[in-house]
Colleague: 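Let me give you the structure first, and then I'll get to my questions.
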Amino acid sequence: MANFNIDSKSERTFDAIVIGSGMSGGWAAKELGDKGLKTLVLERGRDVKHNKDYPTTNMYPWEFAHHGQVTAEIREANPIVNRCYAFGEDAMHFFVKDKEHPYVQEKPFDWIRGYQVGGKSLLWARQTQRWSDFDFDGPARDGFAVDWPIRYKDIAPWYSHIEKFAGISGNLDGIAELPDGEFLPAFPLNAVEQRFSKHVKQHYQNRHVISARCAHLSKPNQIHFDQGRAQCQKRTLCQRGCPFGGYFSANSSTIPWALKSGHVTLRPFSVVESIMYDEKLGKATGVRVIDTNTKEAIEYYADVIFLNAAALNSNLVLLNSTSSRFPNGLGNDSGTLGKYVAFHNYSAHINAEWDGDKEWTTDGRNPAGGGYIPRFRNVYKQETDFLRGYAAGFSAYRYRETSSDGVGEDLKKNLVNDSLSGWKVGSHMMGETIPKKSNYVALDKSQKDQWGIPLLKIAVEYDDNDAKMKKDYVEQMTEMFTSAGFTNIKASTDNRAPGLDIHEMGGVRMGNDPKTSMLDKWHRLHACQNVYVTDGASMTSTSCQNPSLTYMAFAARAVDHAVSESKK
Ligand SMILES: Cc1cc2nc3c(=O)[nH]c(=O)nc-3n(C[C@H](O)[C@H](O)[C@H](O)COP(=O)(O)OP(=O)(O)OC[C@H]3O[C@@H](n4cnc5c(N)ncnc54)[C@H](O)[C@@H]3O)c2cc1C
Ligand code: SF4
């Protein structure tokens, strides 16, 4: 039963409600606050204040009980989240542990989550590329999913808007399939990365190895200082939360900015159970929340609602928002809610050695992670037996050959041995996947969480297209590495479950036709126009670029639309 006594309805009434305070919700909150709307941000997890709540940020390796490693006990208790590369002793407090928030794996799926103010924006690898019309045209050109209702020109100004405020480093590379943005200086490639970049440029048409574009303040501007952020010190300890605000997170940037506007209220420990719909008014009136500490149900009201709970949780909230008008979930006239879920495919890698450039070292760190190879397959025409393509990371490094072998004098010598290894090079694949009806999420019919909300059931899997793409990545990269003179080339693929790339998308897709899609070109539910979904759930297709920059641009664009509509 809803508790109506804690305060009056007017105190629980806002102009706008944002569900989720992570990467995309932070942007919705900031934009709404900047435009003067009285806004409530609801976050299921605890508050994480910039700096104050980064307990490990300044710790030395020897100050950790297990030198940064996760103990066998924790690993065994968390087989899913432990598979995420960033789950270490220094950052595990920002990850959802396996048993805390169960879900149903109809097919194996590694669901990596961060339930706190800031969401996964604290944990991300900060890779930020714009999408292009080669991505937005994709479904129409290649005959899958539905046509995107927008094109690059619709979103380009909003990419600029985000990039200037968040701070994105990169070069103006002039590549049509990877549009340039409003960049701070790039983190340069090292000697061997530059060598490979030059080699690829000389020997391949339309293939490029560029400095990775990432959300780090390589050279902050006034707008970044105004947020209380400072230059990135290249510590590469970002997943702990950065005391300098050197990388973009909702915690260091959008959420404190929104709160400073004086128009925004943040309510942590508030899990949104559903969105309320009024049949007479033909619109959503607010949300039903459970206070995760007291288990009280509380209703909040607003003219407009932004759903930014991250892709799969946004699906869950809509599926759980039923009424006699929408018995199968809010806005679900098309029957597509929860379907056409897609993700990325990171399951192929390649490593090798380079026996030159010994006069160069990699002293100093690169928070961007090295190089980025934009998609080169099937860009201008279909050229393979699979649809779409993949981008790839590329990095080269040397390491100090310290070891803990031996005893006594030998051990001491080995521990302080600072001779450098030869160069190692490596790459990983980032593949686009094709959204399919059979890849879906739904509410479990019998199991509920501790607040009585049905558990999410996930049934998604890779397909033959993914397998062919993986094979092609291995062949192409092996060929490129061989022609560059790299030796001891070892390619590997793994049979990981989907999810571990942490780029889940879809289920509430955009489209022109309300019969086949959930959202219109402004990210509003076709059938309930005061609810906007601007996170990964809204994606019609996945591209192979990292998605978060696009979610943020979508959120800012949708707020602008909502506010201009309300002025009408
Ligand atoms: C290790 C790692 C590396 C990554 N690297 C990259 C990268 O390099 N580039 C990139 O683009 N992306 C990357 N990502 C993915 C990126 O973090 C996500 O795409 C992004 O955070 C999604 O934004 P979001 O707002 O949808 O979700 P989140 O940032 O997860 O925020 C969602 C928020 O909603 C809250 N919430 C959920 N359900 C409810 C509810 N019912 N009621 C109230 N609140 C709710 C959650 O607690 C959370 O705080 C990475 C992620 C991880 C973990
Ligand atoms: S690399 Fe930059 S952003 Fe990351 S922790 Fe260090 S200073 Fe902060």
Side-chain angles (χ1 to χ4, degrees), residues 23 57 85-86 121-130 159-160 162-175 178-201 207-225 227 229-249 252-253 354 357 359-375 391-400 420 423-428 430 545-549 552:
M23 193 85 76
T57 190
Y85 71 91
S121 77
L122 278 166
L123 294 165
W124 69 319
R126 307 151 318 270
Q127 301 291 307
T128 33
Q129 309 92 22
R130 291 186 178 204
Y159 277 135
S160 298
I162 304 296
E163 285 160 347
K164 281 189 239 169
F165 190 85
I168 308 294
S169 68
N171 284 317
L172 301 177
D173 297 297
I175 301 167
L178 197 78
D180 290 331
E182 312 274 344
F183 295 143
L184 305 174
F187 292 93
L189 300 176
N190 65 34
V192 174
E193 290 161 354
Q194 281 178 34
R195 172 184 290 282
F196 187 55
S197 173
K198 215 162 131 192
H199 171 80
V200 169
K201 195 176 182 158
R207 296 193 189 186
H208 313 270
V209 182
I210 62 171
S211 284
R213 298 169 179 180
C214 71
H216 282 254
L217 299 181
S218 52
K219 191 164 179 262
N221 290 323
Q222 189 56 45
I223 187 66
H224 307 120
F225 295 129
Q227 297 166 45
R229 298 170 59 200
Q231 183 155 351
C232 169
Q233 307 293 309
K234 305 182 191 165
R235 309 183 323 151
T236 57
L237 299 173
C238 316
Q239 69 284 356
R240 300 179 181 183
C242 174
F244 305 98
Y247 74 97
F248 170 86
S249 67
S252 67
S253 175
W354 168 241
D357 291 314
E359 68 278 29
W360 295 97
T361 75
T362 49
D363 269 359
R365 296 172 182 176
N366 181 351
Y372 181 82
I373 305 175
R375 175 179 150 214
F394 175 75
S395 60
Y397 59 95
R398 302 177 81 176
Y399 58 86
R400 285 181 198 285
L420 282 172
W423 284 94
K424 314 280 171 194
V425 294
S427 166
H428 63 279
M430 297 179 271
Q545 278 92 291
N546 285 267
S548 303
L549 186 72
M552 295 191 259

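If you read the sequence from its start, that first residue is 1, and numbering goes on from there.
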Colleague: Out of Cys214, Cys242, Ser253, which residue meets the side-chain contact (heavy atoms from CB on, under 4.5 Å) rule with Phe248?
Modeller: Ser253
Colleague: Measuring from Arg398:CZ to Thr361:OG1, what's the distance to the nearest 0.5 Å?
Modeller: 7.0 Å
Colleague: For the residue pair Ser249 / Arg229, report whether a side-chain donor-acceptor contact shorter than 3.5 Å exists.
Modeller: no
Colleague: Where do Gly245 and Ser252 come nearest, in terms of heavy atoms and distance?
Modeller: CA-CB, 4.2 Å
Colleague: Is there side-chain contact between Ile210 and Asn171, with at least one heavy-atom pair below 4.5 Å?
Modeller: no
Colleague: Could you grab the distance from atom CZ of Phe183 to atom OG of Ser169, nearest 0.5 Å is fine?
Modeller: 8.5 Å
Colleague: Would Asp173 and Arg213 satisfy side chain to side chain contact (heavy atoms under 4.5 Å, CB included), going step by step from the backbone distance to the final call?
Modeller: CA-CA 11 Å; Asp173 297 297; Arg213 298 169 179 180; 2.9 Å; yes
Colleague: To the nearest 0.5 Å, how far apart are CG in Leu123 and CZ in Arg240?
Modeller: 13.0 Å
Colleague: Applying the side-chain hydrogen bond (donor to acceptor under 3.5 Å, both in side chains) criterion to His216, which one of Arg126, Gln231, Lys234 satisfies it?
Modeller: Arg126
Colleague: Are the side chains of Ile175 and Arg375 in contact, using a 4.5 Å heavy-atom criterion?
Modeller: no
Colleague: For the atom pair CH2 (Trp354) and CZ (Arg195), what is the distance rounded to the nearest 0.5 Å?
Modeller: 4.5 Å
Colleague: Any heavy-atom pair between the side chains of Gln239 and Leu122 that's under 4.5 Å?
Modeller: no
Colleague: Please give me the minimum heavy-atom distance between Val192 and Phe394, naming the atom from each residue.
Modeller: O-CE2, 4.5 Å
Colleague: Restricting to non-hydrogen atoms, name the atom on Ser427 and the atom on Ala392 that form the minimum distance, rounded to 0.1 Å.
Modeller: OG-CB, 3.7 Å
Colleague: So do Leu178 and His208 actually touch side chain to side chain, heavy atoms under 4.5 Å?
Modeller: no
Colleague: Would you indicate whether the side-chain heavy atoms of Trp423 and Asp357 approach each other to under 4.5 Å?
Modeller: yes
Colleague: So do Trp124 and Ser548 actually touch side chain to side chain, heavy atoms under 4.5 Å?
Modeller: yes
Colleague: Any donor and acceptor pair, going by atom type alone, linking the side chain of Gln194 with main-chain N or O of Ala191 inside 3.5 Å?
Modeller: no
Colleague: Checking side chain to side chain contact (heavy atoms under 4.5 Å, CB included) for the pair Thr57/Leu237: CA distance, chi angles, key distance, verdict?
Modeller: CA-CA 7 Å; Thr57 190; Leu237 299 173; over 6 Å; no
Colleague: Which atom names give the shortest non-hydrogen contact between Pro243 and Arg235, and what distance separates them?
Modeller: CD-NH2, 3.6 Å
Colleague: Measure across Ala215 and Thr128 and return the closest heavy-atom pair with its distance rounded to 0.1 Å.
Modeller: N-OG1, 3.5 Å
Colleague: Please find the pair of heavy atoms, one from Ser211 and one from Phe187, that lie closest to each other, and give the distance.
Modeller: OG-O, 3.1 Å
Colleague: Closer than 3.5 angstrom, by distance alone: can the side chain of Gln129 be matched with the main-chain N or O of Asn546 as a donor-acceptor pair?
Modeller: yes
Colleague: Could you tell me the separation between the OH atom of Tyr159 and the CZ atom of Arg130, rounded to the nearest 0.5 Å?
Modeller: 7.5 Å
Colleague: Which distance, rounded to the nearest 0.5 Å, do you find between the CZ of Phe165 and the NE2 of His224?
Modeller: 8.0 Å
Colleague: Counting N and O atoms only, with roles assigned by atom type, does the side chain of Glu163 sit under 3.5 Å from a partner on the main chain of Ile168, one being a donor and the other an acceptor?
Modeller: no
